[in-house]
Amino acid sequence: MKLNLRSDQNKDKQRDPYYYKLASILVALIAGVYILSTLQETIIPLAFSVLLAILLHPLCSWLERRKIPRIGAILLSIFGLVVVLAGLVTLVSMQIGGLAEELPRISKKTDAFIDQGLTMGEQYLNISRSEQVSQVKKYLITALSEGKTVILNTLLSTTGAISTFILIPLYVFFFLLYRDFFRRFVHKAFHRIEKVKLDGLLKKIYEVIRSYLSGLFLVILIVGVLNSVGLLILGIPHAIFFGFLAGFLILIPYIGILIGSVLPALLSLVTMDSPWYAVGVIGVMSFVQFLEGNFITPNIVGSKVSVNPLAAIVALFLGGQLWGLSGLILALPITAILKVIMDAIPSMEPYGFLLGEPEHEIKEEIAIEKEREEQRPPRRKPRYRKQRNRPAEGEGGIQKAPIPGAD
């Protein structure tokens, strides 16, 4: 009985570290999610600053190689980014100005639709026009009163986000200025790991993020071209503007497709002769959105960051739920960075394997196994004694030699 009790106690002691480890992992995950959600106003601008710093690093390095001081190169790089963004804003404002010229025709069409609606209400519902107008006014007043709080909360959150995002250029400046300093910090923080391995890991993370940014730009370009082609075929005015606007709005989860398809659909209702054009607009953009969500983004952006499509889709949904639009943009690069770090840690390598592309990961596994087989020394055959496999005494004519002095 004592032996059985001792064996049970030993088993319990062996199980305890596993449960402690599992509990600590769960507590760390919950605390991490809480911190990311609570401090998002500080963490999100820092994350975007890192992305922009990596985006501007090649230009900054090129300017430094042209004998320009680092501070001057950083300022010129940031100024170039601001100029590009200002150019995009100018193009958008010009397109909006072109849309403003359509307002008189849009207002006439809108009045005609309202008149048709009031006439149908009189014919089929037996409701006078005055009653219909009064009911519509009542619904509008209630909707506006209920929407005041939503609008105020949205304005407050937007103002806070804008005031926080103003610090991004300052963050970018310091990230580029102190990049060597941060590298030395990583070497000191992980001094037990060789510097060559740490530098390789940092270089891989840098390449992954830069590839993600190029992949994201490619997705927006493809979606904008597909939307523009579909709208041009339908004959919708300002098709290129609405096509690329929807391409940029794919970054907004759930609402982006609604805004991107409703605006040209409403324009087609008031400018085209048939309502089927609006249905065609919604159909084209819904199809492009389906392609983008299931094939384009997972395969292009996911392949750029070496993340399989399933992990990319799950990361996009989790990032959107945690940080909204910002989380949707940051989900894939953060997942790719986690994969690079997991691949470098032996105990976390299976999870990095799970996030990667199956074909690529399997090829790497096969290549590693071949290298190990080649590095192994060849097996030596066991040496047999000379006496082994010899015929026994008296067999085959072999006789035992006589011992001298023996009778």
Side-chain angles (χ1 to χ4, degrees), residues 88-121 123-125 132 136 139-140 143 215-302 309 312-313 316-317 320 324-325 328-329:
L88 291 175
V89 171
T90 303
L91 289 175
V92 171
S93 61
M94 290 172 62
Q95 292 291 326
I96 293 173
L99 285 173
E101 296 177 357
E102 302 281 344
L103 287 177
R105 189 168 62 169
I106 292 172
S107 62
K108 289 181 181 179
K109 279 274 189 177
T110 305
D111 292 337
F113 275 122
I114 293 173
D115 188 60
Q116 288 179 2
L118 294 174
T119 304
M120 290 177 65
Q123 290 179 356
Y124 298 102
L125 300 176
Q132 293 181 46
V136 170
Y139 286 123
L140 285 175
L216 185 63
F217 174 77
L218 185 60
V219 168
I220 292 173
L221 183 63
I222 291 173
V223 172
V225 169
L226 291 176
N227 285 331
S228 301
V229 169
L231 295 178
L232 285 172
I233 292 172
L234 292 174
I236 306 299
H238 306 284
I240 297 176
F241 168 72
F242 283 113
F244 279 93
L245 178 64
F248 281 100
L249 289 176
I250 62 171
L251 299 175
I252 304 176
Y254 315 119
I255 306 174
I257 182 175
L258 181 64
I259 300 173
S261 59
V262 164
L263 290 177
L266 291 175
L267 182 65
S268 63
L269 276 176
V270 298
T271 56
M272 309 301 285
D273 298 329
S274 174
W276 287 106
Y277 285 98
V279 177
V281 169
I282 295 174
V284 166
M285 291 200 167
S286 299
F287 179 69
V288 173
Q289 181 73 15
F290 172 78
L291 293 177
E292 180 271 329
N294 294 279
F295 299 101
I296 299 174
T297 295
N299 287 298
I300 292 179
V301 179
I313 292 172
L316 288 172
F317 276 107
L325 171 60
L328 192 65
I329 298 172

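This is a predicted model, so every value here is computed, not measured.
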**OP:** List for me each residue that meets side chain to side chain contact (heavy atoms under 4.5 Å, CB included) alongside Ile222, sequence neighbours excluded, and say none if there are none.
**Re:** Leu218, Leu226, Ile296, Ile300
Original post:
Quick check: are there more than 12 heavy atoms from other residues, nucleotides or ligands sitting under 6.0 Å from OH of Tyr277?
Top reply: no
**OP:** Give, for atom CG of Leu231 and atom NE2 of His238, the distance between the pair rounded to the nearest 0.5 Å.
**Re:** 12.0 Å
Original post:
Phe244 versus Val223: any side-chain heavy-atom pair under 4.5 Å?
Top reply: no
Subject >> Gap separating the OG atom of Ser286 from the CG atom of Leu291, nearest 0.5 angstrom >> reply: 11.0 Å
Original post:
What's the shortest heavy-atom distance between Val281 and Ser261, and which atoms?
Top reply: CG1-O, 3.9 Å
Subject >> Nearest-0.5 Å distance, OG of residue Ser228 to CZ of residue Phe241 >> reply: 11.0 Å
Original post:
How far apart are the closest heavy atoms of Ala278 and Ser268, and which atoms are they?
Top reply: CA-OG, 3.3 Å
Subject >> side chain to side chain contact (heavy atoms under 4.5 Å, CB included) partners for Val279, two or more places apart >> reply: Trp276
Subject >> Note, Phe242 side chain near Asn227 side chain (heavy atom, < 4.5 Å) >> reply: no
Original post:
So with a 6.0 Å cut-off around CD1 of Ile282, is the heavy-atom count from everything else above 12?
Top reply: yes
